[in-house]
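Only one structure is covered here, and it is reproduced in the block below.
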Amino acid sequence: MNPKTGIQGSYWLETAPPAAPAPPPSGDLTVDVAVVGGGIAGLSTAWELVRQGREVAVLEADRLAAGVTGRTTAKLTAQHTLIYDHLRRTRGPEGARLYARSQSEAIRHAAGIVDELGIDCEWEEAAAFTYAEAPRRVRELRAEADAAREAGLPAEFVTGTDLPFAVAGAVRVSGQAQFHPRKYLLALTADLRRRGGTVYEGTRVVGLTEGEPCVLRTDAGVSVRANEVVIATHYPVFDRALLFTRLSPRRELVVAATIDEDHAPRDMYITPERNTRSVRSAPYSDGKRLLIVTGEHFVPGAADVEERFARLSAWADDRFPGLTFTHRWATQDNDSTDSVPLVGPLHHGSRHTYVATGFGGWGLSGGIMAGRLLSDRINGLPADWSGLYDPRRLAPVVREGMSFLKHQAQVARHFVGDRLPAMTPPTPGDIPPGHGAVLRLGGQQCAVHRDENGSLQAVSARCTHLGCIVAFNDAEQAWECPCHGSRFAPDGRILQGPAVRPLKQRDIPQSSAE
């Protein structure tokens, strides 16, 4: 529960059934395939491989399906806002068709798994809409509808929706789905274990030696030998191909509220307007559904997150009057510079290491797609769309050069600018309860936090990934790296990678604390 608002965190984490215990390994392991990361991409890959007869171990730093996957909006769709007209122009009609086919087959595959395993995950078929209220965007929407239809999706341009406000136009794609992602993944994990796979929580992997076999090392000193390794940690914790130069992290806020069933939208909606607004509803209780609204994306470490939550809640209450807010949370996504996920060999020299990242806010269909692509590739059966997603691709990076350069400029600005001294540097005594600030103490930049009881704690302000300076997120009580998205608790513990080491503790001089 958020102490400032009195409402819960992620609805998916709160309402999922208890997961079976999955303690860390007690000693060294040898397996056929090691999958690092227990979100939808990692668990989908592991499940596919186990079904194909492979001996698989999943190594998760925290809890299974409780990171980004546990904080998603939970829409399973191949209509990814305004992607197809862009792909038609940058990858050609065939690239757009492969993207649509791979994402659509992922949805059908998930539906088949739900039926096969009898998973109770609140699966509902729905249409996906990308809409705009401004008439000036109608031409853009019509182009997207044409491109999506040409790519093979059941897409059409429409002007009517079941939203309680008028839109200038929308792209409608039928036959999509929404579900409870954690219920789905916990059932998938249970089946994986029944088939002989193993899963380990609280197991942070901090080292990788590529070879035959590859060797992973955990923070507890355990070695895991594997013939094949899949890095599915959302943002790669090992980056031999410098993928961090092609990934931009962003956070996005989610608010949820109860709404009368008769007034709840039954389809899924998103608009790029107003810094993104995504709307859908989920089963809740008799006569009620849960309205889930997402938006206000920002770079990790940006200020005024509480104000962003307030704007999102106000928008939801204005468009759907009389809401009772019950939950709020935030999620994090990584956008690739050419708008297509990076799924395949980790780098040009890879023979036995693979990666899945850069899903750009569409990690559910993307993660299921990645599971099938990677498992088939490991078994020597590359999918038709392997080349589309191959992380080693170069031509699309050249075409998207401006996005690449813009991302690098943003990183450089943080890396250099955040080290410059402030004009009026605060002192620890200036930090109010529940807030944090980066201060220079004893010649070092320190991330200083004051808890609600008034106690101060200081850690190094330098992210342990590549050394950028962190900033404080007051709404989520976390230190965040604006360069590559690592997140840390006030005491320096890792909340989210790519960092694999905590922030170092720092002392606060007594004179500074007063």
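Residue numbers start at 1 and run along the sequence shown.
The side chain to side chain contact (heavy atoms under 4.5 Å, CB included) search around A41 returns A232, A356, F359, not counting sequence neighbours. Contacts of Y389 classified as side-chain hydrogen bond (donor to acceptor under 3.5 Å, both in side chains), with partners at least two apart in sequence or in another chain: S102, Q103. Under the side chain to side chain contact (heavy atoms under 4.5 Å, CB included) criterion, Q332 pairs with P249, R251, P300, R487, Q496, not counting sequence neighbours. Considering only residues two or more places apart in sequence or on other chains, E212 meets the salt bridge (charged side-chain N to carboxylate O under 4.0 Å, His left out) condition with none of them. Applying the side-chain hydrogen bond (donor to acceptor under 3.5 Å, both in side chains) criterion to W12, with sequence neighbours excluded, gives no partner residue. Checked against side chain to side chain contact (heavy atoms under 4.5 Å, CB included), I494 has the following partners two or more places apart in sequence or in another chain: R204, F488, P502. The side chain to side chain contact (heavy atoms under 4.5 Å, CB included) search around V237 returns I231, T233, V500, not counting sequence neighbours. With sequence neighbours left out, E261 forms a salt bridge (charged side-chain N to carboxylate O under 4.0 Å, His left out) with R266. Taking D384 as the reference, R101 meet the side-chain hydrogen bond (donor to acceptor under 3.5 Å, both in side chains) condition, with sequence neighbours excluded. With sequence neighbours left out, the side-chain hydrogen bond (donor to acceptor under 3.5 Å, both in side chains) criterion links R377 to no other residue.
Judged by distance alone, with hydrogens and angles left aside, the side-chain atoms of R250 form a donor-acceptor pair with the main-chain N or O of G360 at under 3.5 Å. Using a distance-only test at 3.5 Å, with no hydrogens or angles considered, a donor-acceptor pair links the side chain of Q176 to the main chain of A78. Remark: side-chain polar atoms of S386 are paired, donor with acceptor, to backbone N or O of A383 under 3.5 angstrom. Listed for the Y131 side chain is no donor-acceptor partner under 3.5 Å among the backbone atoms of V158. At least one donor-acceptor pair under 3.5 Å links the side chain of Q178 to the backbone N or O of S281. With hydrogens and angles disregarded, no donor-acceptor distance shorter than 3.5 Å links the side chain of N379 to the backbone of L381. For T357 (side chain) and H234 (main-chain N/O), a donor-acceptor pair under 3.5 Å exists by modelled atom type. Judged by distance alone, the side chain of D390 and the main-chain N or O of G344 form no donor-acceptor pair under 3.5 Å.
Note on D304 versus R308: no salt bridge recorded, every NZ/NE/NH1/NH2 to OD/OE distance being 4.0 Å or above. The pair E116-R51 counts as a salt bridge, with a side-chain nitrogen and a carboxylate oxygen less than 4.0 angstrom apart. Between D338 and R393 there is a salt bridge, since a side-chain N of the basic residue sits under 4.0 Å from a carboxylate O of the acidic one. Between K288 and D260 there is a salt bridge, since a side-chain N of the basic residue sits under 4.0 Å from a carboxylate O of the acidic one. Looking at R142 and D146, no side-chain N of the basic residue comes within less than 4.0 Å of a carboxylate O on the acidic one, giving no salt bridge. Between E296 and R274 there is no salt bridge, since none of the side-chain N atoms of the basic residue sits less than 4.0 Å from a carboxylate O of the acidic one.
When all heavy atoms are compared, the tightest approach of A256 to W329 is CB-CZ3, 4.2 Å. When all heavy atoms of S313 and F325 are compared, the pair lying nearest together is O-CZ, 3.5 Å. Taking all atoms of both residues into account, the shortest heavy-atom contact from A226 to V33 is CB-C, 4.3 Å. I40 and G363 make their closest contact through CG2-O, 3.3 Å (heavy atoms, listed as atom of the first residue, atom of the second, distance). Closest approach of A475 and V305 over heavy atoms only: CB-CG1, 3.5 Å. Here the shortest heavy-atom pairing between C121 and V114 reads SG-CG2, 3.9 Å.
Atoms CD and NE2, from E14 and H327 in turn, are 3.5 Å apart once rounded to the nearest 0.5 Å. A distance of 12.5 Å separates OG1 of T159 from CZ of R172, quoted to the nearest 0.5 Å. Rounding to the nearest 0.5 Å places CG of L247 at 7.5 Å from OG1 of T337. Interatomic distance, CZ of R280 versus CD1 of I292, reported as 4.5 Å (0.5 Å rounding). Once rounded to the nearest 0.5 Å, the distance linking OG1 of T130 with CG of L141 reads 7.5 Å. Atom-to-atom distance recorded for I113:CD1 and I119:CD1 is 7.0 Å, nearest 0.5 angstrom.
Residue-environment remark: NE2 (H352) exceeds the threshold of 12 foreign heavy atoms within 6.0 Å.
Proximity of T77 to W362: side-chain heavy atoms (C-beta onward) are separated by under 4.5 Å at one or more points. In this structure the side chain of V230 reaches within 4.5 angstrom of the side chain of I378, judged on heavy atoms. Within the 4.5 Å cutoff, the side chain of V138 has heavy atoms near those of the F157 side chain. Side-chain contact between Y84 and R149 is absent, with no heavy atoms from C-beta onward closer than 4.5 Å. Here the side chains of R71 and V254 are not in contact, with every heavy-atom distance at 4.5 Å or above. L49 places none of its side-chain heavy atoms less than 4.5 Å from the side chain of E228. Residues V56 and V31 are not in side-chain contact: their nearest non-hydrogen atoms beyond the backbone lie 4.5 Å or more apart. Counting heavy atoms from C-beta on, the side chains of Y269 and V293 never come closer than 4.5 Å.
Checked against the 2.5 Å cut-off, the SG-SG distance between C468 and C483 falls under it.
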Derivation of the salt bridge (Lys or Arg N to Asp or Glu O under 4.0 Å) call for E133 and R277: CA-CA 11 Å; E133 296 179 72; R277 292 291 185 264; over 6 Å; no
Audit row: R182, E122, salt bridge (Lys or Arg N to Asp or Glu O under 4.0 Å) steps and yes/no: CA-CA 11 Å; R182 185 162 163 80; E122 301 166 17; over 6 Å; no
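When E94, E150, E144 are each tested for a salt bridge (charged side-chain N to carboxylate O under 4.0 Å, His left out) with R88, only one passes: E150. Each of P482, C463, S486 was compared with V470 under the side chain to side chain contact (heavy atoms under 4.5 Å, CB included) criterion, and only C463 meets it.
With no hydrogens or angles considered, a side-chain donor-acceptor pair links Y99 and H80 at under 3.5 Å. With 3.5 Å as the limit, one finds a donor-acceptor pair spanning the side chains of T73 and T294.
Under the salt bridge (charged side-chain N to carboxylate O under 4.0 Å, His left out) criterion, no residue pair touches residues 37-48, with sequence neighbours excluded.
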Pair up each side-chain donor or acceptor in residues 366-376 with any protein partner under 3.5 Å, not counting sequence neighbours, and list the distances.
from: S375; atom 1: OG; to: G371; atom 2: O; distance (Å): 2.8
from: S375; atom 1: OG; to: R372; atom 2: O; distance (Å): 3.1
from: D376; atom 1: OD1; to: Q52; atom 2: NE2; distance (Å): 3.4

